[in-house]
Amino acid sequence: MRFKAVITTLILIITGGVFMGLFSGCSANRYTVDYCGQKDLYKRAKSSYRAGQEVTLYYPYIATDTDYYFYLDDERLGFSYEDKKGIVIRFTMPEHDVKLYMTSDNTMSVLSESKLSEFGINDLAELGADVMLINYYETTPADGQVRELVLKTTQDPEILHLDYYQRDSADEEYDVKCCTVPADMAEELFIYIWYSGMCSWDDGGVCIDGVLKVCKFYDNGSYTRVSTEAVPTEADTKVIESVGEQLMKCMTLYMDNQ
């Protein structure tokens with residue numbers, strides 16, 4: 001009888017511990033998001049999230065001649081873009097209620113000029129020829145596969161040079177292609193880089209194993225490098241990939257016309 005009593009006590013203790021764990025998990029603190037009357041504009045928007053939860057929202061209503069700004073409380077958020085989904089906004093829910101709001105400006109060509117100047121590029125002609133503006137590089141170390149795209153200036157400030165290098169294994173020679181593209185390509189990419197938040201990424205973050213992807217861009221006389229060796233969150237690998245995708249689309253388009 002004493003043995004049964006001991007077993008019964010242990011079962012009650014264990015069962016009680018399990019229920020306590022379940023209830024404590026369910027009662028994790030949740031905090032609200034005030035969308036400032038714009039909640040219906042975001043896809044997947046919820047009224048509250050758990051502290052520490054990774055939040056992903058989609059803003060599909062985009063005009064090509066409009067400059068968008070997103071703020072969490074008073075801090076501006078970086079964002080990326082995905083086809084058929086629009087602007088992708090990600091943040092980690094803090095341990096307090098927050099306010100998320102968006103502002104926009106119709107800026108047309110002024111937008112491009114102002115964002116280039118943020119990188120110290122007031123006039124492409126001042127940089128001279130053969131200055132690398134943007135480099136995208138990806139490799140699979142296990143088999144030696146490499147893909148690289150390099151966007152550079154030329155003597156003509158209205159025209160840029162785009163090189164493409166591809167190798168399927170470490171034993172093969174590089175397949176090299178090149179073409180010229182309009183200078184607007186750089187303006188569009190630097191706008192994306194600016195709003196994606198890559199300029200403010202630091203050495204901390206999440207390390208993504210497997211394929212290494214790197215974006216390196218001109219930044220006020222030197223270069224900023226970001227890679228999947230350290231991204232703020234795993235989802236931000238898409239931000240880096242998007243630079244390569246845009247360069248590759250440009251290469252395909254203009255190679256067919258030259």
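No hydrogens, no waters, no symmetry mates; every other heavy atom, side chains included, goes into these values.
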Quiz item: Taking all non-hydrogen atoms of both residues, which atom of M251 and which atom of K177 are closest, and how far apart?
Solution: CE-O, 4.0 Å
Quiz prompt | Gap separating the CZ atom of R44 from the CD1 atom of I89, nearest 0.5 angstrom | solution = 12.0 Å
Quiz prompt | Side chain to side chain, V33 and Y49, heavy atoms closer than 4.5 Å | solution = yes
Practice problem: Without swapping roles, check the side chain of T154 against the backbone of I159 for a donor-acceptor pair under 3.5 Å. | Solution: yes
Practice problem: Treating Ile, Leu, Val, Met, Phe, Trp and Tyr as nodes and any side-chain heavy-atom pair under 4.5 angstrom as an edge, say whether Y137 and L189 lie in one connected cluster. | Solution: yes
Quiz item: Does Y58 reach the side chain of V88, with side-chain heavy atoms less than 4.5 Å apart?
Solution: yes
Exercise. Identify the heavy atoms of S117 and N122 that sit nearest to each other, and give their distance.
Key: CB-OD1, 3.5 Å
Quiz prompt | Between CE on residue M132 and NE2 on residue H161, distance to nearest 0.5 Å | solution = 14.0 Å
Quiz item: Taking C-beta and beyond as the side chain, do V181 and L151 meet within less than 4.5 Å on heavy atoms?
Solution: yes
Quiz item: Could you give the distance from CD (E54) to CZ (R90), rounded to the nearest 0.5 Å?
Solution: 9.5 Å
Quiz item: Is there a path of hydrophobic side-chain contacts, each under 4.5 Å between heavy atoms of I, L, V, M, F, W or Y residues, that connects V226 with Y192?
Solution: yes
Quiz prompt | Results of salt bridge (charged side-chain N to carboxylate O under 4.0 Å, His left out) for R167 - residues two or more places apart only | solution = none
Self-check item: Under the ring pair (Phe, Tyr, Trp, His ring centres under 6.0 Å) test, residues paired with Y164 that sit two or more places apart
Solution: none
Exercise. Grab the two heavy atoms, one from K238 and one from E245, that are nearest each other, plus how far apart they are.
Key: NZ-OE2, 3.0 Å
Self-check item: Other residues, nucleotides, ligands: >12 heavy atoms within 6.0 Å of K46 NZ
Solution: no
Quiz item: Should V231 and W194 be counted in the same cluster of Ile, Leu, Val, Met, Phe, Trp and Tyr side chains packed under 4.5 Å apart?
Solution: yes
Quiz item: Are side-chain heavy atoms of D163 and C178 found at a separation under 4.5 Å?
Solution: yes
Quiz item: Shortest non-hydrogen contact from V239 to S196?
Solution: CG1-CB, 3.4 Å
Quiz item: Can you name the residues that form a salt bridge (charged side-chain N to carboxylate O under 4.0 Å, His left out) with K85, not counting sequence neighbours?
Solution: E82
Quiz prompt | Same apolar cluster (I L V M F W Y, side chains within < 4.5 Å links), V214/V211 | solution = no
Quiz item: Who are the ring pair (Phe, Tyr, Trp, His ring centres under 6.0 Å) partners of Y71, not counting sequence neighbours?
Solution: Y101
Quiz item: With no hydrogens and no angle check, is any side-chain donor or acceptor of T139 less than 3.5 Å from a backbone partner on Q145?
Solution: yes
Quiz item: Where the side chain of D73 meets the backbone of V98, is there a donor-acceptor pair that is under 3.5 Å apart?
Solution: no
Quiz item: Can you tell me how far NZ of K99 sits from CG of D34, rounded to the nearest 0.5 angstrom?
Solution: 6.0 Å
Quiz prompt | Qualifying residues under ring pair (Phe, Tyr, Trp, His ring centres under 6.0 Å), relative to Y35, sequence neighbours excluded | solution = Y42
Exercise. For T153 and D130, indicate whether the former's side chain and the latter's backbone hold a donor-acceptor pair under 3.5 Å.
Key: yes
Quiz item: Hey, would you say the Y59 and F79 ring centroids sit under 6.0 Å apart?
Solution: no
Practice problem: Would you indicate whether the side-chain heavy atoms of I240 and W201 approach each other to under 4.5 Å? | Solution: yes
Quiz prompt | Test item: Y218 side-chain N/O and V131 main-chain N/O as donor-acceptor pair under 3.5 Å | solution = no
Self-check item: Gap between atom CZ of R147 and atom NZ of K213 - 0.5 Å precision
Solution: 8.0 Å
Exercise. Heavy atoms only: give me the nearest L57-A45 pair and the separation to one decimal.
Key: CD2-CA, 3.6 Å
Quiz item: So do the side chains of L124 and L133 get within less than 4.5 Å of each other, counting heavy atoms only?
Solution: yes
Quiz item: Is there side-chain contact between F119 and C199, with heavy atoms separated by less than 4.5 Å?
Solution: yes
Quiz item: If you look at every heavy atom in P182 and L160, which pair is closest and at what distance?
Solution: O-CD1, 4.1 Å
Exercise. List in chain and number order the residues that pass ring pair (Phe, Tyr, Trp, His ring centres under 6.0 Å) with Y136, two or more places apart in sequence or in another chain; answer none if no residue qualifies.
Key: none
Quiz item: Between the side chain of D175 and the main-chain N/O of Q166, is any donor-acceptor distance below 3.5 Å?
Solution: no
Practice problem: Supply the atom-to-atom distance L253 CG to K249 NZ, rounded to the nearest 0.5 angstrom. | Solution: 11.0 Å
Quiz prompt | Check: D97 main-chain N/O paired with T32 side-chain donor or acceptor under 3.5 Å | solution = no
Exercise. Can you spot which of E148, K216, K152 makes a side chain to side chain donor-acceptor pair (under 3.5 Å) with N135?
Key: E148
Quiz item: Would you say the side chain of Y254 lies within less than 4.5 Å of the side chain of T180, judging by non-hydrogen atoms?
Solution: no
Self-check item: Pair M248-L149, side-chain contact (heavy atoms from CB on, under 4.5 Å): steps then yes or no
Solution: CA-CA 8 Å; M248 197 66 227; L149 294 116; 4.0 Å; yes
Quiz item: Are there more than 12 heavy atoms of other residues, nucleotides or ligands under 6.0 Å from atom CG of D123?
Solution: yes
